Amino acid sequence: DPRNCIFSTSVKTGFTKVLGRHSGSAAARDPERGDAGESHQWCFFRFARLSCRNFAAPAQDRLMSFSTGSSVTLPPLPPGRLPAVDWGRLGLAMVVVVGHAGLFKDVHIPTHAGFANGFARIVVPFFMIVSGYFFDSAMRRGPSVWAAGVLRLYMFWTAVFLPLVVLIGDFSFAKLGFYILTGYAHLWYLPALLGAGLMLWVVRDWSSARIFRVALGLFLIGFTIQYVLNFLVGFDQLTHRNGWIVLLRNFAFFGFPYMALGYLLRRGTVLDQLGSPALLGFLALGVVIMTGEVWLNYHFLILGGYFDLIG
């Protein structure tokens, strides 16, 4: 059952803080989604939930630590469920629908900009962080078994969406090959998940500080590319915009930073040592930063540009 994606109680408060600081990166719109937009938003949440299944261990396995060939021993996960995560997942499903439907766009443009280019961007990071948190559980049978499961899921949905590549817009074999490789519409999540998971497997024995530095560096590269495209190049003036989006919306600059963050949360970090006042302070700081970024983007670009990563 995909609902088996749960968090340990010890990380619940810390994860809330993480969402406050890194509450970006789910793009609220797809510039080339065409008439298939509604099916895209349903499918994204569907396979995002299904991918979480690969990161949830059976109840009897969650009581033990997994070595997965690693020298790092992670703390065991308690049995049972965390209702807060179930409600959070339901809430984010509603965010996906509202964001893509443009509900507020017909009512108040600034509200739509704040919702679609702000709050709605926490959806993909949420699933990526969950995947990183359950990384050891997913890899208990080795990376090849996990990767095969993700590939099967990706191949199935790619076959479902291939007719849309042919029917929407001008067809070319180059366009077909591009979408098979990178994912059509919201299917990009699965190649990003696959690449990030394999990358995390390679560095799983590194120190927490080293993993964090690499993840932060990759995130900053993607963040820089995002703002260069939007403010210096002019994203809305580019042709083949999905071909440019893949420069920042990929496993290296998007998937790995958030998966690594979830993995570090599972390891136990400074978050475990912080009290509630400090965590609430970080959450408030994250909200202020996100609000400031959304306001600046709206002030200069209105609803233009394309924003996945949030500073």
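Everything numeric here is computed off the predicted structure, so don't read it as measured data.
Under the rule for a side-chain hydrogen bond (donor to acceptor under 3.5 Å, both in side chains), Thr224 has no partner lying at least two apart in sequence or in another chain.
Phe127 and Tyr189 have perpendicular rings, their planes meeting at more than 60° on a 0 to 90° scale where under 30° would count as parallel. Between Phe115 and Phe104, the ring-plane angle classifies as perpendicular under the 30° and 60° cut-offs. Taking the six-membered ring where tryptophan is involved, the planes of Tyr227 and Phe231 are essentially parallel, since the angle between them stays under 30° and well short of 60°. Ring geometry for Trp295 against His299 counts as parallel: the plane angle stays under 30°, on a 0 to 90° scale with 60° as the upper cut.
Closest non-hydrogen pair, Ile129 versus Leu265, comes out as CG2-CD1, 4.1 Å. Contact detail for Pro143 and Met139: the closest heavy-atom pair is CA-SD, 3.5 Å. Nearest heavy-atom pair across Val294 and Ala113 is CG1-O, 4.0 Å. Across Ala252 and Pro257, no two heavy atoms sit closer than the pair O-CD, 3.3 Å.
In the hydrophobic cluster analysis, where Ile, Leu, Val, Met, Phe, Trp and Tyr join through side-chain heavy atoms closer than 4.5 angstrom, Met155 is grouped apart from Phe161. Met199 and Val145 fall into different hydrophobic clusters, where Ile, Leu, Val, Met, Phe, Trp and Tyr residues are linked whenever their side-chain heavy atoms come under 4.5 Å apart, directly or through other members. A continuous path of hydrophobic side-chain contacts links Val202 to Tyr263 [ILVMFWY only; heavy atoms under 4.5 Å]. In terms of hydrophobic clustering, with Ile, Leu, Val, Met, Phe, Trp and Tyr side chains grouped at heavy-atom distances under 4.5 Å, Leu229 and Leu232 are assigned to a common cluster. There is no path of hydrophobic side-chain contacts, each under 4.5 Å, that joins Leu181 to Val160.
Residues Leu162 and Leu176 have side chains in contact (heavy-atom distance under 4.5 Å, counting atoms from C-beta outward). Annotation: side chain of Trp244 is in contact with side chain of Leu247 (closest heavy-atom distance under 4.5 Å). Side-chain contact between Phe119 and Val95: present, with at least one pair of heavy atoms (C-beta onward) separated by less than 4.5 Å. The side-chain heavy atoms of Tyr184 and Ile168, taken from C-beta on, include a pair separated by under 4.5 Å. Leu198 has its side chain within reach of Trp146: a pair of non-hydrogen atoms, C-beta onward, lies under 4.5 Å apart. No side-chain heavy atom of Phe156 sits less than 4.5 Å from a side-chain heavy atom of Arg152. Counting heavy atoms from C-beta outward, Leu194 and Tyr154 have side chains that stay 4.5 Å or more apart. By the 4.5 Å heavy-atom criterion applied to side chains, Met259 and Leu193 are counted as neighbours.
Taking the ring centre of Trp201 as origin, the terminal cationic atom of Arg204 falls inside the region bounded by 6.0 Å and 45° from the ring axis.
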Hey, mind stepping through Phe173 and Phe171 against ring-ring contact (aromatic ring centres under 6.0 Å, His included) and telling me if it holds? CA-CA 7 Å; Phe173 286 103; Phe171 172 79; 5.3 Å; yes
Where do Val214 and Trp206 land on the side-chain contact (heavy atoms from CB on, under 4.5 Å) test, with the steps shown first? CA-CA 11 Å; Val214 172; Trp206 289 6; 3.7 Å; yes
Leu200/Phe256 under side-chain contact (heavy atoms from CB on, under 4.5 Å): CA gap, chis, key distance, verdict: CA-CA 7 Å; Leu200 187 56; Phe256 178 77; 3.9 Å; yes
Could you check Phe300 against Asn230 for side-chain contact (heavy atoms from CB on, under 4.5 Å), going step by step and ending with a plain yes or no? CA-CA 10 Å; Phe300 288 104; Asn230 280 296; over 6 Å; no
Residues Ile211, Arg267; criterion side-chain contact (heavy atoms from CB on, under 4.5 Å); working and verdict: CA-CA 12 Å; Ile211 293 176; Arg267 270 191 179 184; 3.9 Å; yes
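Considering CG of Leu248 and CD1 of Ile221, their distance stands at 12.0 Å, rounded to 0.5 Å. Taking CD from Gln226 and CG from Asn297, the interatomic distance works out to 7.5 Å, rounded to the nearest 0.5 Å. Rounding to the nearest 0.5 angstrom, the gap separating the CD1 atom in Ile180 from the CG atom in Leu187 is 11.5 Å. The distance from atom CG of Leu216 to atom CG of Leu220, rounded to the nearest 0.5 Å, is 4.5 Å.
Of the options Val287, Leu285, Thr291, a side-chain contact (heavy atoms from CB on, under 4.5 Å) to Ile289 is made by Leu285 and by none of the others. A side-chain contact (heavy atoms from CB on, under 4.5 Å) with Leu92 is found for one member of Val124, Ile122, Val97 and no other, namely Ile122.
Atom CZ of Phe251 is surrounded by 12 or fewer heavy atoms from other residues, nucleotides or ligands within 6.0 Å. Counting heavy-atom neighbours within 6.0 Å of Phe212 CZ, excluding the residue itself, gives a total of 12 or less.
Panel note: side chain Arg140, backbone Ser137; a donor-acceptor pair is recorded below 3.5 Å.
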